[in-house]
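To keep things clear, I will list the structure first and then write my remarks on it.
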Amino acid sequence: MTSGYLPVPPPVPPPAPHATAATAGTDLAGRTALVTGAGSGIGRAVASALAAAGAHVHVVDIDAATAKAVAETIGGRAHVVDLARAETVEELPADIDILVNNAGLQHVAPLTEFPPDRFALMQRVMVHAPFLLIRRTMPHMRARGWGRIVNISSAHGLRASAFKAGYVTAKHALDGLSKVTAVEGAPHGITSNCVNPAYVRTPLVERQIEAQAATHGIDTGQVVSDVLLSRPAIKRLIEPAEVAAAVLWLCGPHTGYITGASIPLDGGWTAT
């Protein structure tokens, strides 16, 4: 005798949205965007999504080949810049309507063995450079009475993990910088928010998987299942296009009242 209930199949993760699908309802024609770290990963997906919505995009990356390839693909302009050098920020355009601070790097080591020069480099790229770019572009946004600043933070901007002193420190600082920017920008039509994803399927994370495997003495498959996906409730990596869709949403017509937020795209990580 059966219970009358049909068995429920296991859930299937939805396919990652394409950048073009994410542009629905968002028209950025006439807007100019600047995306750092736009040569690959999240930055490339964000640059593509903004361009597909009509924005002219400045593609900023330290790698000349990838920056130029992305710019050519989306009809943008490439800038080959080392954001660790403060003077290079002055080479970038200031007449920007949408600023996406995405560039970053990772280093995995116990705090007592963390190289001080590497720690300082991470703060320059992920905190000091965004500060300089915000400072440089806000006057243009104020003059136009409209601006969108989106900082690609991390779940590690809200939570800590061992062996990531440089990254966790930088991302917490970026969240704080974003909130100050939100308060100062609000009277001028400028919003500032953080997007805080868990582990995204990017070259940075792939390198991190290898580093974690070496640190913990386990294989890379175990790093993904036992380390990266141990805390999120949704057991998969996020796709770059999903992060790009959130960034685009924050630049769209229905999010002008959202500012000073840190939006977790973390699969439930920070809910626990």
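When reading the values below, keep in mind they use all heavy atoms of this one structure, side chains included, and skip hydrogens, waters and symmetry mates.
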NE2-OG distance between His172 and Ser154, expressed to the nearest 0.5 angstrom: 9.5 Å
Remaining members of hydrophobic cluster (4.5 Å side-chain criterion), Phe163: Val108
Check ion pair Arg236-Glu242 (N to O, under 4.0 angstrom): yes
Nearest-0.5 Å distance, CG of residue Leu132 to CD of residue Glu87: 10.0 Å
Same cluster (ILVMFWY, side-chain, under 4.5 Å), Leu204 and Val168: no
Heavy-atom side-chain proximity of Phe131 to Val89 below 4.5 angstrom: no
Main-chain N/O of Pro264 paired to Asn196 side chain as donor or acceptor, under 3.5 Å: no
Donor-acceptor contact below 3.5 Å, side chain His58 vs main chain Val35: no
Pair Lys179-Ser262, side-chain donor/acceptor within less than 3.5 Å: yes
Check: Leu92 and Leu133 side chains under 4.5 Å, non-hydrogen atoms: yes
Residue pair Pro240 / Thr202, side-chain heavy-atom distance below 4.5 Å: yes
Min side-chain heavy-atom separation Asp95-Thr32 under 4.5 Å: no
Same apolar cluster (I L V M F W Y, side chains within < 4.5 Å links), Val200/Val46: yes
Pairwise side-chain contact, His107 with Phe119, heavy-atom cut-off 4.5 Å (strictly under): no
Check: His79 main-chain N/O paired with Asp61 side-chain donor or acceptor under 3.5 Å: no
Test item: side-chain donor near acceptor, Ser192 and Thr259, under 3.5 Å: no
Within-4.5 Å side-chain heavy-atom neighbours: Val125 and Leu105: yes
Nearest atoms (heavy-atom pairs only) where Gly256 meets Thr191: O-CG2, 3.6 Å
Shortest non-hydrogen contact from Asp97 toward His140: OD1-NE2, 3.0 Å
Closest non-hydrogen atom pair between Ala198 and Ile238, with its separation: N-CD1, 3.5 Å
Donor-acceptor contact present, side-chain Thr88 to main-chain Asp82, <3.5 Å: yes
Distance in Å, His56 NE2 paired with Ile96 CD1, rounded so as to fall on 0.5 Å steps: 8.0 Å
Residue pair Leu34 / Ile98, side-chain heavy-atom distance below 4.5 Å: no
Atom pair SG/CD1 of Cys194 and Ile263 - distance to nearest 0.5 Å: 9.0 Å
Heavy-atom closest pair, residues Pro93 and Thr137: O-CG2, 4.2 Å
Full working for side chain to side chain contact (heavy atoms under 4.5 Å, CB included) between Met122 and Gln106: CA-CA 8 Å; Met122 295 172 79; Gln106 181 62 278; 3.9 Å; yes
Leu99 reachable from Leu248 in the ILVMFWY side-chain graph, under 4.5 Å edges: no
Cluster link Val57 to Val70, ILVMFWY, side chain under 4.5 Å: yes
Any Leu50 side-chain heavy atom under 4.5 Å of Leu28 side chain: yes
Side chain to side chain contact (heavy atoms under 4.5 Å, CB included) assessment of Trp146 paired with His188: CA-CA 7 Å; Trp146 191 94; His188 308 285; over 6 Å; no
Pairing of Glu206 and Arg201 as salt bridge, 4.0 angstrom limit: no
Between CG on residue Leu177 and CG on residue Asn151, distance to nearest 0.5 Å: 6.5 Å
Co-members of the apolar cluster containing Val205 [side chain, <4.5 Å]: Tyr199, Ile209, Ile218, Val223, Val224, Val227, Leu228, Leu229, Leu237, Trp269
Over all atoms of both residues, closest heavy-atom pair of Ile149 and Asn101: CG2-ND2, 4.4 Å
Closest contact, heavy atoms only, Val127 versus Ala170: CG2-O, 3.5 Å
Main-chain N/O of Ala165 paired to Thr169 side chain as donor or acceptor, under 3.5 Å: yes
Exercise: do Asn102 and Thr36 side chains pair donor with acceptor under 3.5 Å: no
Reported CD1-to-CZ distance for the pair Ile190 and Arg142, which is rounded to 0.5 angstrom: 6.5 Å
Criterion side chain to side chain contact (heavy atoms under 4.5 Å, CB included) on Ile258 and Leu250, from CA distance to verdict: CA-CA 8 Å; Ile258 299 175; Leu250 287 170; 4.1 Å; yes
Donor-acceptor side-chain pairing of Ser153 and Asp175 below 3.5 angstrom: yes
Check against side chain to side chain contact (heavy atoms under 4.5 Å, CB included), Val80 and Ile62: CA-CA 5 Å; Val80 182; Ile62 194 172; 5.8 Å; no
Flag for Ser161-Arg231: side-chain donor and acceptor within less than 3.5 Å: yes
Short side-chain donor-acceptor distance under 3.5 Å, Asp266 and Thr270: yes
Hphob cluster co-occupancy, Ile42 + Val195, side-chain heavy atoms under 4.5 angstrom: yes
N/O donor-acceptor pair under 3.5 Å between Gln123 side chain and Gly166 backbone: yes
